[in-house]
Amino acid sequence: MLLIPSPAGVLEVDALWQNDNPNDASTDTVALLCHPNPLFEGTMNNKVVTTMYRFARDSGMHVVRFNFRGVGQSTGEHDYADGEVLDAMTVLQWLAGQTNARRLWLGGFSFGGYVTARVAEQVLMSAHVWGLSDFEIANVALISPSIEKNASDDISLPIDKTFEIYGSADEVIDPINMQAFAEHLGIAVSVVDGAGHFFHGRLSELKKLLAEHSSN
């Protein structure tokens, strides 16, 4: 684990580099993962985030996950998405100095799914502001994104590279609203029949869907 400087103090980061080398010549993609709501005990070690982590690792990507402000060793206080988007952008800026990989696989679960959508929008629309103009989005994976309590109607995303996965029995976020969100944006969507919000007993299916939706 690493601690990197951030606007709220420091962020706790877990980085896995393929072949233990951030500039491994055969690795051109880095995955950045965002975890669920800290107010409900969400951390970077959440099992859905860990499933994305294993998928990205096994697919030959560098993988970085981190704790939002106020979680684990990350300092600061929960900021209802705005500060957490800044946290993720801070980690991306740190990444830019660590690796030559410039294809970006963004993944987030629940609250982290909403944050991921906002991060993708920043990379898509304002990369120059962050010094990230040389990054290219490979995919944006929104897993049961928390779109009910967060403003999501006007988010700009790379439509052909973005996908949503949720369970038909989600007890936290209404599946009807997640389907409407995907249809409104025109993004690909997969529904895991009978799965709840946390994909209990269905993580292997989730990992398979991540592979099916992701670019090579």
Side-chain angles (χ1 to χ4, degrees), residues 1-25 27-57 59-141 143:
M1 298 294 178
L2 302 169
L3 297 178
I4 67 169
S6 77
V10 296
L11 290 171
E12 183 181 11
V13 173
D14 174 20
L16 179 145
W17 309 115
Q18 293 289 337
N19 297 313
D20 295 320
N21 179 5
N23 290 314
D24 177 60
T27 305
D28 63 0
T29 304
V30 57
L32 178 68
L33 310 178
C34 293
H35 69 71
N37 198 323
L39 298 182
F40 300 96
E41 301 183 350
T43 77
M44 66 176 171
N45 295 315
N46 167 271
K47 65 182 183 180
V48 174
V49 176
T50 298
T51 297
M52 288 191 285
Y53 182 95
R54 290 171 177 166
F55 157 74
R57 177 199 64 195
S59 298
M61 304 179 202
H62 300 312
V63 195
V64 175
R65 58 184 170 180
F66 66 99
N67 277 327
F68 289 130
R69 56 187 61 199
V71 180
Q73 296 185 58
S74 295
T75 57
E77 297 180 357
H78 182 66
D79 194 35
Y80 301 92
D82 289 343
E84 285 76 13
V85 172
L86 182 56
D87 292 343
M89 298 307 296
T90 298
V91 176
L92 270 181
Q93 290 176 314
W94 172 81
L95 270 176
Q98 300 298 309
T99 177
N100 292 329
R102 286 298 183 264
R103 295 183 77 245
L104 187 59
W105 194 96
L106 297 170
F109 169 53
S110 197
F111 171 78
Y114 174 73
V115 171
T116 292
R118 293 267 305 272
V119 169
E121 181 178 52
Q122 289 297 313
V123 176
L124 183 68
M125 307 296 290
S126 306
H128 61 285
V129 174
W130 301 94
L132 300 171
S133 296
D134 54 346
F135 275 83
E136 172 194 359
I137 294 177
N139 285 111
V140 181
I143 313 303

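The chain is numbered in sequence order, starting from 1. Please read all numbers here as calculations on a predicted model, not as lab measurements.
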Determine yes or no for a side-chain-to-main-chain donor-acceptor pair under 3.5 angstrom, with [X] supplying the side chain and [Y] the backbone.
X    : Y   : value
R103 : T27 : no
R69  : D79 : no
N19  : N21 : no

Are the side chains of [Y] and [X] in contact, using a 4.5 Å heavy-atom criterion?
X    : Y    : answer
D82  : R118 : yes
F66  : L32  : yes
L2   : W94  : yes
R65  : T50  : yes
P7   : T90  : yes
L33  : V64  : no
V129 : Q122 : no
N46  : F109 : yes

Nearest 0.5 Å, please: how far is [atom2] in [Y] from [atom1] in [X]?
X   : Y    : atom1 : atom2 : value
M44 : S74  : CE    : OG    : 7.0 Å
T29 : R102 : OG1   : CZ    : 12.0 Å
Q73 : L3   : CD    : CG    : 5.0 Å
N67 : T43  : CG    : OG1   : 5.5 Å
L95 : L104 : CG    : CG    : 8.0 Å
M52 : L106 : CE    : CG    : 10.5 Å

Nearest heavy-atom neighbours spanning [X] and [Y]:
X   : Y    : result
A56 : V63  : CB-CG2, 3.7 Å
C34 : V115 : SG-CG1, 4.2 Å
F68 : H35  : N-NE2, 3.0 Å
V71 : P38  : CG2-CB, 3.4 Å
Q93 : W130 : NE2-O, 3.0 Å
V49 : P36  : CG2-CD, 3.9 Å

> Do the ring planes of H62 and W17 sit parallel (below 30°), tilted (30 to 60°) or perpendicular (above 60°)?
Replying inline: perpendicular
> In terms of ring plane angle, is the pair W105 and F55 parallel, tilted or perpendicular, where the classes change at 30° and 60°?
Replying inline: tilted
> Would R57 and Y53 count as having a side-chain donor-acceptor pair, cut-off 3.5 Å?
Replying inline: no
> In this structure, are over 12 heavy atoms from other groups packed under 6.0 Å from M1 atom CE?
Replying inline: yes
> If you draw a 6.0 Å radius around CG in D134, do more than 12 non-hydrogen atoms from other residues or ligands fall strictly inside?
Replying inline: yes
> How far apart are the C-alpha atoms of L16 and Q18, what are their side-chain angles, what is the distance that settles it, and do they pass the side chain to side chain contact (heavy atoms under 4.5 Å, CB included) test?
Replying inline: CA-CA 7 Å; L16 179 145; Q18 293 289 337; 4.2 Å; yes
> Is there a side chain to side chain contact (heavy atoms under 4.5 Å, CB included) between N23 and T99 once you walk through the steps?
Replying inline: CA-CA 5 Å; N23 290 314; T99 177; 4.0 Å; yes
